[in-house]
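We number each residue from 1, following the sequence as shown. These values consider heavy atoms only, across backbone and side chains, with no hydrogens, waters or symmetry-generated copies.
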Amino acid sequence: MEKYDLAVIGSGPGGFSAAVRALDFGKDVCLIEAGHVGGAGVMNGALTSKTMWELSHDYAVAAAVDRGYRASGLQVDFTKVKKSVMKAAKTKQYQILSQIETYSKKPGQKGSLTIKYGFASFKDRNKLEIDRGKKEEKETIEADYIIIATGSSPRELPDLKVDQKRIINSDGILNLKKFPERMMIIGSGIIGCEFATIFSNFGHTEVHLLDRAHRVIPFADNDVSDFVSGNLQKNGVVIHHTANLRTVNKKKDYLEVVLDYEDGHSTVIEVDVVLVSIGREPNTKGLGLENVNIQTTPHGYLKVNEECATGDFDNCNIFAAGDVTGQKALYCVAEEQGRFIVEAIFGELEYPTDYSHMPTLMFFKPEVASVGVNEKILQEKKIPYRAAFYSNEMVNRTIAMRNTNGFVKVLVSDDGRDRILGMQAAGPQASAFIVSVSYLMNSESGMNEVLRSIHPHPSVTEGIQECFRVFNKRSIFKPEAFPDKIKSWAWKPLELQSEKS
């Protein structure tokens with residue numbers, strides 16, 4: 001039986017980052033993968049969907065006719081789009097494989113990385129059985145420590161069977177042979193809105209988006225949700241608010257989707273493809289958790305502590321990283337957790353994991369980024385705050401880019417310290433400059449630190465600087481002159497308002 005210092009189940013962002021970090025400590029690692037190398041972080045997930053978004057964004061820009069030029073003979077071939085997406089995924093997969101082969105076990109080598117393909121399950125707390133599909137191909141390995149990083153899969157609707165042909169989820173996007181003429185997307189969360197953006201950008205699909213609530217992206221502040229919704233509709237997406245899916249009737253050449261609305265009426269819509277996008281659920285089935293006495297939450301997530309251990313850290317050798325932990329289902333969270341676990345086991349932790357200031361990026365039109373808390377969270381917790389809003393219509397760089405559809409919105413504490421609590425931003429380069437604010441939040445800096453910096457001109461980040469200046473009435477352009485583009489407001493819970501009065 002092969003023996004390792006560490007075994008990692010799953011080669012996605014959490015598993016691979018953990019395996020590679022263990023190499024830094026000179027450990028022998030076994031990485032076990034049941035599907036695609038890189039997991040959903042590479043295939044059928046973050047990389048493929050974002051590659052598709054980039055291609056759709058480029059196509060939409062090329063097709064624009066409001067910039068003084070017009071592209072002639074512009075065409076798009078879905079087969080070639082898929083090839084480009086797969087090429088991106090393969091690039092990352094072979095980078096992962098190249099690193100694995102570089103660190104495969106060699107004589108005299110300190111630290112090694114071995115990959116084994118198959119489905120892993122626990123025999124006991126130190127032994128894993130790897131099933132390759134045939135009885136004679138089963139193998140058992142032993143490890144001092146084990147990390148579960150099996151990721152998640154698209155959640156299914158109980159009465160709607162996904163066939164990955166006409167009724168698909170995010171795993172089946174690349175199964176499509178061509179752009180569907182008509183598509184119904186069930187679910188108006190981040191993934192649903194991203195695919196609505198992608199297919200509407202290409203302009204070859206009539207996109208319908210089912211929103212059971214009154215607003216898409218329901219966890220976001222209402223103004224951000226309305227911004228996303230408005231842009232989707234401008235892009236041609238038909239949003240069905242307050243609608244529930246009753247049934248999908250399969251016809252020979254099309255699908256009949258029956259929707260029931262909150263006000264009591266129903267609508268029947270004919271489409272070619274239904275995309276189910278109602279969230280994801282953890283991959284924990286079949287792991288043999290009962291053999292190691294590991295419990296799951298009612299939603300199937302693994303119960304872990306602040307060290308990502310499935311039990312008391314000092315007496316535990318089984319850890320978990322990524323989507324299976326129930327933390328934010330983000331690539332960066334899984335990657336950080338994987339590294340954190342290895343440092344906790346073999347090294348010395350320099351800082352604890354902190355999920356409160358984790359940046360989030362949403363690939364809509366335009367892209368939307370956020371960090372920290374939003375107004376809904378602060379009001380729920382009854383925390384007083386001040387807010388400022390600055391439109392990209394006032395920023396010289398975005399004016400020059402002819403791309404002013406966006407904004408910066410900042411929330412600071414209303415306690416005299418002006419601590420940065422959160423920021424939402426939309427528009428070009430939002431994903432890049434949100435990180436700078438995340439750094440300031442992690443260092444518990446106030447907005448005065450932002451105002452000390454001189455931003456290059458013209459740059460998109462000048463919008464951040466001006467937004468912070470709005471708080472102290474120091475902005476170059478004033479809210480009084482541009483009330484719909486520059487705003488500030490404050491909020492306090494009723495009990496604090498009554499105390500003040």
Side-chain angles (χ1 to χ4, degrees), residues 40 44-45 49 52 152-202 204-220 222 225-226 228-233 235-283 298-300 323 329 362-365:
N44 298 327
S49 65
M52 203 167 182
S152 62
S153 300
R155 183 175 288 115
E156 297 183 2
L157 281 168
D159 301 322
L160 187 63
K161 184 174 178 57
V162 171
D163 58 20
Q164 301 296 27
K165 294 179 181 178
R166 292 198 292 173
I167 300 175
I168 66 175
N169 54 33
S170 57
D171 288 352
I173 291 291
L174 297 180
N175 289 350
L176 297 174
K177 305 297 183 184
K178 60 180 182 179
F179 286 110
E181 289 186 21
R182 301 156 300 182
M183 170 184 281
M184 170 67 73
I185 300 176
I186 310 297
S188 61
I190 292 178
I191 297 175
C193 289
E194 283 184 355
F195 279 115
T197 302
I198 289 168
F199 282 95
S200 61
N201 274 348
F202 280 120
H204 285 61
T205 304
E206 177 187 292
V207 181
H208 294 264
L209 181 66
L210 189 153
D211 171 31
R212 294 199 308 168
H214 293 266
R215 287 183 170 88
V216 302
I217 320 295
F219 56 85
N222 291 347
S225 177
D226 291 342
V228 173
S229 180
N231 283 301
L232 284 170
Q233 290 172 321
N235 223 33
V237 177
V238 180
I239 302 177
H240 300 270
H241 293 294
T242 69
N244 283 289
L245 176 70
R246 184 198 301 177
T247 189
V248 176
N249 299 316
K250 292 186 177 181
K251 305 297 182 179
K252 181 181 178 180
D253 299 318
Y254 60 91
L255 301 170
E256 276 185 358
V257 179
V258 184
L259 302 180
D260 296 327
Y261 292 80
E262 190 180 77
D263 63 4
H265 83 280
S266 301
T267 297
V268 181
I269 300 171
E270 184 177 305
V271 298
D272 303 292
V273 171
V274 170
L275 169 60
V276 180
S277 179
I278 56 171
R280 299 178 71 85
E281 54 188 9
N283 296 328
H299 295 290
D323 291 4
M362 294 168 277
F363 287 78
F364 307 144
K365 183 182 181 182

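For I239 against S229, the heavy-atom pair with the smallest separation is CD1-OG, 3.3 Å. Across all non-hydrogen atoms, the minimal contact from I167 to V162 is O-CG1, 3.3 Å. A pairwise comparison of heavy atoms in L176 and K165 identifies CD2-O, 4.0 Å as the closest pair. S277 and G192 make their closest contact through OG-N, 3.1 Å (heavy atoms, listed as atom of the first residue, atom of the second, distance). When all heavy atoms of N201 and K365 are compared, the pair lying nearest together is OD1-CD, 3.3 Å. In this structure, S49 and I198 approach most closely via the heavy-atom pair O-CD1, 3.6 Å.
L255 CG to D272 CG: the interatomic distance, rounded to the nearest 0.5 Å, is 7.5 Å. In this structure, OG1 on T247 lies 8.0 Å from CG on L160, to the nearest 0.5 angstrom. Note: M362 CE to I191 CD1 = 12.5 Å, rounded to the nearest 0.5 Å. Atom CE of M183 and atom CG of L275 lie 5.5 Å apart (nearest 0.5 Å). Atoms OG1 and NE2, on T242 and H214 in that order, are 6.0 Å from each other to the nearest 0.5 Å. From T197, atom OG1 reaches atom CZ of F202 across 12.0 Å, with rounding to the nearest 0.5 Å.
A side-chain donor from one of Q164 and N169 sits under 3.5 Å from a side-chain acceptor of the other. Counting only N and O atoms by type, the side chains of R280 and S152 include a donor and acceptor under 3.5 Å apart.
Taking 4.5 Å as the limit, some side-chain heavy atom of D171 sits within range of a side-chain heavy atom of P154. When side chains are defined from C-beta on, C193 counts as touching L232, because their heavy atoms get closer than 4.5 Å. Side chains of I168 and N175 form no contact here, defined as non-hydrogen atoms less than 4.5 Å apart. Side-chain atoms of D226 and R215, non-hydrogen and from C-beta on, do get closer than 4.5 Å to each other. Under the 4.5 Å side-chain criterion, counting only non-hydrogen atoms from C-beta, L259 is in contact with M184. Here the side chains of D323 and P282 are not in contact, with every heavy-atom distance at 4.5 Å or above. N235 has its side chain out of reach of V207: every pair of non-hydrogen atoms, C-beta onward, lies at least 4.5 Å apart.
Side chain of T205 to main chain of P180: a donor-acceptor pair is present (N/O by atom type, distance under 3.5 Å, no hydrogens or angles). S200 places a side-chain N or O within donor-acceptor distance of the main-chain N or O of A196, the cut-off being under 3.5 Å. R166 places a side-chain N or O within 3.5 Å of a backbone atom of Y254 that can act as its donor or acceptor partner. A donor-acceptor distance shorter than 3.5 angstrom exists from the side chain of E194 to the backbone of F363, with no hydrogens or angles considered. At distances below 3.5 Å, not a single donor-acceptor pair connects side-chain atoms of S188 with backbone N or O atoms of D211.
In the displayed structure, R212 atom CZ is contacted under 6.0 Å by at most 12 heavy atoms of other residues, nucleotides or ligands. Atom CD of E181 is surrounded by 12 or fewer heavy atoms from other residues, nucleotides or ligands within 6.0 Å. Crowding of H299 atom NE2: a count of heavy atoms from other residues, nucleotides or ligands under 6.0 Å not exceeding 12.
Taking the six-membered ring for Trp and thresholds of 30 and 60 degrees, F199 and F195 have ring planes inclined between 30 and 60 degrees apart.
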### Full working for side-chain contact (heavy atoms from CB on, under 4.5 Å) between Y261 and T267
CA-CA 8 Å; Y261 292 80; T267 297; 3.4 Å; yes
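The residue from K251, R182, K250 that alone fulfils the salt bridge (charged side-chain N to carboxylate O under 4.0 Å, His left out) condition with E270 is R182.
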